Amino acid sequence: MIFRNTWKIKAHLNIQKKLAMKVLMVLTSHDELGDTGKKTGFWVEEFATPYYVLADAGVDITLASPKGGQPPIDPSSTTEDAQTEATKRFDKDVDLQKKLANTKKLEHIEASDFDGVFYPGGHGPLWDLAVDLKSISLIEDFDAQMKPLAFVCHAPGVLGNVRSHNEPLVRDKDVTGFANTEEEAVGLTEVVPFLVEDKLNQMGANYSKGKDWSSYVKIDGKLITGQNPVSSEEAARALLRML
């Protein structure tokens, strides 16, 4: 009887392993905030919150960035007023910190190895991921394979050069992203290479936004977009439901 129960437990664990969903998280490698002399990168909350939402649900997560290795953290996202339960958890999570320090190079990543993808924001992606040819082709592959794609805050801006069936991927799709009013509030309207809201509108998307700094997420088919840092959890849970 003990042997039979042990076998059942092992079989159950093996099934769970086989069924474990795999998600790719793509982070920026860019750390210069225009010509201001200040640093930028990815926003910690937009990485930590979705990471734990997915990991706690048993999702196998791979981290990647254009250059590989340690992606730059936006210093502004580490200040006291930017902290959340997830960022505090990350600060104590030595294993995740080690994993983050060793992101895989984006050039070695293939969409066919994953069930979905999540792009955290921060201002960094506007400079590198928005024009990175591997990132663009990777998103197009995820879309062609009908796998869910999630982007939060500034990350929807990386969709500007992504195409689907010879049209902009976001054309006629309901999307959101960091609002012009939010960019104005942080004083970087004249620093960033483009405004996320403007870019999405230029590409023919049905852009909408909620109240500044409140959670607001749009879902159109397999495409998930979140407006700002506090939208990270809602966007991650939407992705989790699609896996």
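Computed from a predicted model, the values in this text were never measured in an experiment.
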Are any of the side-chain nitrogens in [X] or [Y] under 4.0 Å away from the carboxylate oxygens of its partner?
| X | Y | result |
| --- | --- | --- |
| E140 | R163 | no |
| K173 | E167 | no |
| K22 | D115 | no |
| D132 | K67 | no |

Interatomic spacing from [atom1] in [X] to [atom2] in [Y] - rounded to 0.5 Å:
| X | Y | atom1 | atom2 | answer |
| --- | --- | --- | --- | --- |
| M21 | I61 | CE | CD1 | 13.0 Å |
| K39 | T36 | NZ | OG1 | 9.5 Å |
| F142 | K222 | CZ | NZ | 12.5 Å |
| K218 | I224 | NZ | CD1 | 13.0 Å |
| N161 | L129 | CG | CG | 12.0 Å |
| T49 | E85 | OG1 | CD | 10.0 Å |

Distance-only, no hydrogens or angles: does the [X] side chain make a donor-acceptor pair with backbone N or O of [Y] under 3.5 Å?
| X | Y | value |
| --- | --- | --- |
| K105 | S65 | no |
| E46 | G122 | yes |
| N228 | G177 | no |

| task | Step through it carefully: locate the ring centre of W127, locate the ring centre of F42, and say whether they are under 6.0 Å apart. | result |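 For W127 and F42, the ring centres are not under 6.0 Å apart.
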| said: I need the minimum non-hydrogen distance between P66 and D128, along with the two atoms involved. | reply: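 Scanning both residues completely, I find the closest heavy atoms to be CG-OD2, 3.8 Å.
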Does [X] reach the side chain of [Y], with side-chain heavy atoms less than 4.5 Å apart?
| X | Y | value |
| --- | --- | --- |
| V23 | L243 | yes |
| T225 | V152 | no |
| F90 | Q97 | yes |
| T87 | F47 | no |
| T40 | E32 | no |
| P71 | S29 | no |
| V53 | E233 | yes |
| P148 | F118 | no |

For a quick check under 3.5 Å, do [X] and [Y] share a side-chain donor-acceptor pair by atom type?
| X | Y | value |
| --- | --- | --- |
| Y207 | D174 | no |
| K99 | Y51 | yes |
| D172 | N206 | no |
| T189 | E184 | no |
| E183 | H154 | yes |

| Full working for side-chain contact (heavy atoms from CB on, under 4.5 Å) between D93 and Y52 | CA-CA 11 Å; D93 193 338; Y52 289 125; 2.7 Å; yes
| message | So, using side chain to side chain contact (heavy atoms under 4.5 Å, CB included) as the criterion, who are the partners of D212 when residues are at least two apart? | response |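 Per chain and number, D212 pairs via side chain to side chain contact (heavy atoms under 4.5 Å, CB included) with A179, T181, E182, Q227.
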Count I, L, V, M, F, W, Y as connected when their side-chain heavy atoms are under 4.5 Å apart, and connections chain through other members. Are [X] and [Y] then in the same cluster?
| X | Y | answer |
| --- | --- | --- |
| L188 | W43 | no |
| F194 | I136 | yes |
| Y119 | L63 | no |
| L223 | M242 | no |

| Testing S231, P229, P125, P120 for side-chain contact (heavy atoms from CB on, under 4.5 Å) with C153, which one passes? |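 Running side-chain contact (heavy atoms from CB on, under 4.5 Å) over S231, P229, P125, P120 with C153 returns exactly one hit, P229.
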